[in-house]
Amino acid sequence: MKADLEILDALPSESPAREALLADIERRIVGSSTADTKRRDPAGVALGFFFLGLAIWLAVLAVNASGALHGIFLGCAIAVGALGIYGVGADLRKVERDAKGRPIR
């Protein structure tokens, strides 16, 4: 883009190539500003589903456990399940994201 602007400055004002180059630069600027930049974070979604699977496994362990282990496994299943639901919900939405996948707004 910078090179195109330098070429544009070097061309005479009455040149047809100048008009064509100016139209091309304008088209690229408008296209880049209106491009869809919203996306999902697939790694976050996968991690959220992993936590949900882990929560289901912990819940099964809680059902089969007895005594104090039942409460420990059930508490862990609820906590890990809540993290999984939050992760899937937050990362499945299409929003503008930075290079690391974090929402910009």
Is there a path from Phe51 to Trp57 through hydrophobic residues (I, L, V, M, F, W, Y) whose side chains come within less than 4.5 Å of each other? yes

Single-linkage hydrophobic cluster, 4.5 Å side-chain cutoff, Leu61 and Phe50 together: yes

Check residues 67-92 and write down every donor-acceptor pair under 3.5 Å in which the side-chain atom is one partner and the other belongs to a residue at least two apart or another chain.
from  : atom 1 : to    : atom 2 : distance (Å)
His70 : ND1    : Ala62 : O      : 2.5

For residues 7-14, please give each side-chain donor-acceptor pair under 3.5 Å, one per line with the distance, not counting sequence neighbours.
none

Listed by chain and number, what are the salt bridge (Lys or Arg N to Asp or Glu O under 4.0 Å) partners of Arg102, not counting sequence neighbours? Asp98

Indicate the atoms forming the closest heavy-atom contact of Arg39 with Arg97, along with that distance. O-NE, 2.9 Å

Leu52 with Val45, same ILVMFWY side-chain cluster at under 4.5 Å: yes

